[in-house]
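Start at 1 with the first residue, then count along the sequence. Keep in mind that this is a model prediction, so the values were computed, not measured. The analysis underlying the following values was restricted to heavy atoms, covering all of them including side chains, and did not include hydrogens, waters or symmetry mates.
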Amino acid sequence: MSLEQNLDPFALADALSNKLLIDGKLVPALSGKRFDVINPATGETIGHAADGVATDVDLAVQAAAKAQKSWAKLHPRERGRLISECGRLLNTHVEEIAKLVALETGKALRTESRVEAGVLADVFVFFGGLGSELKGESVPFKTDSITITQREPIGVVGAIIPWNVPLLLMALKIAPAMVAGNTVVVKSAEEAPLAVLRVAQIMNQVLPPGVFNMISGDGPGAGAPLVSHPKVGKVTFTGSVETGKIVYRAAAEKLIPVTLELGGKSPMIVMGDADVDRAVAGAITGMRFTRQGQSCTAASRMFVHASIHDEFVAKLKAKVDEMVMGDPLDEKTDIGTIISPEQFAKVKSYIELGEAAPGATTLRCSAMPTDPKLAKGLFVQPVVFTGLTNDHRVCKEEIFGPVTAVVKFTDYDDVIRQANDTEYGLAASIWTKDLKTALDATQRLEAGLVQVNQNLVVQPNMSYGGVKQSGLGKEASLESMLEHFTTKKTIILNLG
C-alpha cells in the first residue's frame with residue numbers, strides 16, 4: 001500500500017526531519033544529532049536531517065548485506081518487476097516530490113524539479129524492464145566442453161549522490177544496481193537529503209526491508225565510512241573531481257570497483273552556417289540556466305564563429321532576459337537559486353574575476369526578484385561574458401553557476417583544439433548545417449557525450465559518462481548495469 005500523498009512541502013519536510021531509512025524503517029541517527037536543511041530562496045530552516053556517522057553506516061550496510069542474499073535469489077525478472085513497480089508508485093507522487101526538491105534545492109518547480117521527479121520514475125520503469133537482459137555468453141573452447149559465462153551481483157553497493165540533480169542521479173545508480181541483484185546504501189548530499197529520503201520511504205513500500213537504505217550526513221562522517229566499509233563491494237559516486245579522487249583512493253585500498261561521474265567544462269561550438277535561433281535555444285538548454293548553471297554538463301564555454309558572434313550574443317541575452325527569477329515554488333518562475341551560501345560565494349568570485357579581465361564585457365541577464373520575502377535568497381543573475389580568452393580561469397575552471405563565456409573564433413581546427421584544451425571531457429556539442437563538419441567534430445572532440453545541433457540532458461538508455469578528469473565508467477544504460485553492477489563468472493562443463 002502506498003503512502004498518503006502530502007502536497008505541502010513544508011509539512012512534508014517537517015515529517016521527514018531527523019530520520020534515516022535503514023532496514024525498511026525510518027529511524028533517527030544513533031547519536032540523535034542532526035543538521036539544518038535550509039530553503040536557499042529565503043534562508044529559512046525548513047527541517048532537519050539526521051547526522052549519520054560510521055555507526056549508522058554500519059547498521060545500514062549490515063541490513064543491506066543481510067537482505068542481499070535473498071534479493072539475489074529472486075528471479076531477475078521478478079526483481080525488475082519490483083523496481084518497475086517502484087517507478088509506477090513514484091509516478092503517483094511526482095508533485096509532492098517535485099515540491100520538496102524545489103524547496104530544499106532552490107530549483108524552479110515548473111522548469112526543473114517537476115521534470116526531475118517525472119524522469120526519476122521513468123528511470124526505474126526503464127531499468128525494471130531489463131531484468132531478463134542479465135545474460136551470459138557461450139564461449140567456444142573445446143569440442144568436449146561447454147563453456148559459458150554468467151552475470152552475478154557484486155553484493156552491497158554504496159552510492160554517494162550530489163545535490164544538483166539528486167533524484168535522477170540517484171536513480172541512475174541504484175535502479176541498475178538493484179535489478180542486477182545488489183542491495184544499496186545511498187548517502188545523500190547534505191544540502192538535499194529530504195526528497196531523497198521521501199523517495200526511499202515510498203520505494204520501501206514495495207521493496208523487501210534492507211534492499212534500499214538511505215543515510216544522510218557529511219562526507220567525512222558518513223561518506224568515508226560507507227566507502228571503506230568491508231561489506232561494501234562497489235562504490236558509485238557523483239561529485240567534484242577532488243572528492244572523487246578521495247573516493248577512488250579509499251576504494252583502491254579495498255580493491256573494489258568504482259564508477260565516478262565528476263566535473264565538466266563543456267564546449268559548445270557554433271559554426272558560421274548554424275541556425276542562430278536554434279543554437280541560442282540550445283545554448284539556454286545546454287547552459288542549464290533554469291538550474292542556475294549547476295550542472296556538470298553545462299555549456300559554460302561557447303565558441304561562436306566571428307561571422308555570427310554578435311547576433312548570437314544579442315539573441316542569447318534577450319532570451320535569458322525573458323526568463324523570470326523568483327520563488328522556486330511559484331509556477332511563473334523559470335530560474336531559482338544557487339544551492340548554498342558557499343556555492344553562492346564561489347559563483348560570485350568567478351563573476352568578479354571575469355569582470356576584472358582586460359577587454360571583457362559582462363552581460364547580466366534576467367532580473368533579480370523584488371519580493372521582500374526573497375531578500376535573503378541566494379539569487380544570482382545569469383552572466384554572459386564576451387572578450388575572454390580560453391585560458392582565462394572563467395573558461396578553464398568549473399564554476400557550477402549561471403556563468404558562461406562566449407569566445408569568438410574563425411578557424412575550425414583551432415576551435416577544436418581550444419575545445420579540447422581542458423582537463424575535463426564530459427560533454428560537448430557542435431552546431432552546423434554541414435554534415436562533414438558535424439561528423440568530423442564528433443570524432444575529434446574529447447568528451448564522453450557529443451551532440452550535434454542539440455544539448456539534451458542525460459536520458460534513460462543514453463550511455464552517459466566522461467573521459468579525462470570527468471570520471472570513470474558509464475551510467476544510464478544496459479551497459480552500465482552489466483559492466484558496473486555485476487561480475488562475470490566463467491563456467492566450464494567437461495563432457496569427456
Side-chain angles (χ1 to χ4, degrees), residues 111 264-291 293 295-323 361 363 365 382-390 392 394-396 398-399 402-422 424-459 462-464 466-467 470:
T111 58
K265 196 66 181 174
S266 302
M268 173 179 175
I269 300 173
V270 185
M271 300 300 294
D273 68 338
D275 181 322
V276 175
D277 291 332
R278 184 176 180 183
V280 166
I284 291 171
T285 301
M287 189 45 220
R288 316 288 185 251
F289 280 120
T290 55
R291 198 186 301 165
S295 170
C296 296
T297 58
S300 53
R301 294 185 298 149
M302 300 181 185
F303 298 94
V304 181
H305 194 273
S307 63
I308 60 170
H309 174 274
D310 292 351
E311 179 188 2
F312 177 92
V313 171
K315 288 185 173 181
L316 177 61
K317 184 180 188 314
K319 286 294 184 182
V320 183
D321 280 342
E322 294 174 1
M323 302 173 76
T361 299
L363 302 176
C365 307
V383 171
V384 177
F385 283 114
T386 61
L388 294 178
T389 56
N390 193 48
H392 190 276
V394 167
C395 298
K396 300 293 284 187
E398 186 175 42
I399 300 172
V403 181
T404 190
V406 180
V407 179
K408 188 184 298 185
F409 79 93
T410 55
D411 183 78
Y412 170 69
D413 289 324
D414 185 61
V415 79
I416 293 292
R417 179 194 62 77
Q418 290 189 74
N420 290 335
D421 184 19
T422 173
Y424 298 108
L426 187 56
S429 67
I430 177 76
W431 299 74
T432 179
K433 294 176 183 177
D434 184 73
L435 180 60
K436 182 179 179 181
T437 300
L439 291 175
D440 182 75
T442 61
Q443 300 303 305
R444 294 171 64 184
L445 287 169
E446 298 169 356
L449 171 63
V450 180
Q451 302 184 64
V452 178
N453 295 330
Q454 66 176 27
N455 265 324
L456 294 179
V457 297
V458 59
Q459 304 286 327
M462 185 175 76
S463 185
Y464 173 69
V467 297
S470 286

I'd like to check the side-chain hydrogen bond (donor to acceptor under 3.5 Å, both in side chains) partners of S470; sequence neighbours left out, ordered by chain and number. none

List the atom of F312, the atom of A283, and the distance in Å for their closest heavy-atom pair. CZ-CB, 3.9 Å

What are the two closest non-hydrogen atoms of A274 and V270, and how far apart are they? CB-CG1, 3.7 Å

Side chain to side chain contact (heavy atoms under 4.5 Å, CB included) evaluation trace for R301 with N390: CA-CA 8 Å; R301 294 185 298 149; N390 193 48; 3.3 Å; yes

List for me each residue that meets side-chain hydrogen bond (donor to acceptor under 3.5 Å, both in side chains) alongside T437, sequence neighbours excluded, and say none if there are none. D434

Enter the distance from F385:CZ to T361:OG1 here, rounded to the nearest 0.5 Å. 10.0 Å

Hey, are the side chains of K317 and D321 touching, using non-hydrogen atoms and a 4.5 Å cut-off? yes

Partners of D421 by salt bridge (Lys or Arg N to Asp or Glu O under 4.0 Å), sequence neighbours excluded? K396

T285 meets the side-chain hydrogen bond (donor to acceptor under 3.5 Å, both in side chains) criterion, sequence neighbours left out, with none

How about T290 and M323: do any of their side-chain heavy atoms sit closer than 4.5 Å? yes

Which atoms form the tightest heavy-atom contact between L388 and A405, and what is the distance? CD1-CB, 4.2 Å

Apply the test side chain to side chain contact (heavy atoms under 4.5 Å, CB included) to residues D413 and R444: give CA-CA distance (whole Å), side-chain angles for both, the deciding distance (0.1 Å), then the verdict. CA-CA 10 Å; D413 289 324; R444 294 171 64 184; 3.0 Å; yes

State which residues pass salt bridge (Lys or Arg N to Asp or Glu O under 4.0 Å) with D277; sequence neighbours excluded, sorted by chain then number. K315

Roughly how far apart are S429 OG and M268 CE, rounded to 0.5 Å? 5.0 Å

W431 and D273: which non-hydrogen atoms are nearest, and at how many Å? O-OD1, 4.5 Å

Taking the side chain as every heavy atom from C-beta outward, state whether T111 and F289 have any pair of such atoms under 4.5 Å apart. no

So, taking the atom named CE in M462 and the one named CG in L449, what distance separates them when rounded to the nearest 0.5 Å? 5.0 Å

Going by the rule side chain to side chain contact (heavy atoms under 4.5 Å, CB included), which residues pair with E322 if we only count those two or more places apart in sequence or in a different chain? K319

For the side chain of E398 and the backbone of K265, is there at least one donor-acceptor N/O pair under 3.5 Å apart? no

Report yes if some heavy atom in the side chain of V457 is under 4.5 Å from a heavy atom in the side chain of T297; otherwise report no. no

Report all side-chain donor-acceptor pairs from residues 302-310 shorter than 3.5 Å, counting only partners two or more places apart or in another chain.
{"residue": "H305", "atom": "ND1", "partner": "S307", "partner atom": "N", "Å": "3.1"}
{"residue": "H305", "atom": "ND1", "partner": "S307", "partner atom": "OG", "Å": "2.8"}

Which salt bridge (charged side-chain N to carboxylate O under 4.0 Å, His left out) pairs, counting each pair once, include a residue from residues 282-291, with sequence neighbours left out? E112-R291

Considering only heavy atoms from C-beta outward, does the side chain of I416 approach that of I269 to under 4.5 Å? yes

Under the criterion side chain to side chain contact (heavy atoms under 4.5 Å, CB included), I'd like the reasoning laid out for Y464 against L426: C-alpha separation, chi angles, the key distance, then a yes or no. CA-CA 9 Å; Y464 173 69; L426 187 56; 3.5 Å; yes

Given V320 and V384, is the side chain to side chain contact (heavy atoms under 4.5 Å, CB included) satisfied, shown in steps? CA-CA 10 Å; V320 183; V384 177; 5.6 Å; no

Who passes salt bridge (Lys or Arg N to Asp or Glu O under 4.0 Å) against D414, sequence neighbours left out? R417

Do you know which two heavy atoms are closest between A427 and P267, and how far apart they sit? O-CD, 3.3 Å

side-chain hydrogen bond (donor to acceptor under 3.5 Å, both in side chains) pairs touching residues 402-412, sequence neighbours excluded, are Y412-D440

I284 versus L316: any side-chain heavy-atom pair under 4.5 Å? yes

Across all chains, not counting sequence neighbours, the salt bridge (Lys or Arg N to Asp or Glu O under 4.0 Å) partners of E446 are K468

Who are the side-chain hydrogen bond (donor to acceptor under 3.5 Å, both in side chains) partners of Q451, not counting sequence neighbours? Q454

Could you give the distance from OH (Y424) to OG (S300), rounded to the nearest 0.5 Å? 9.5 Å

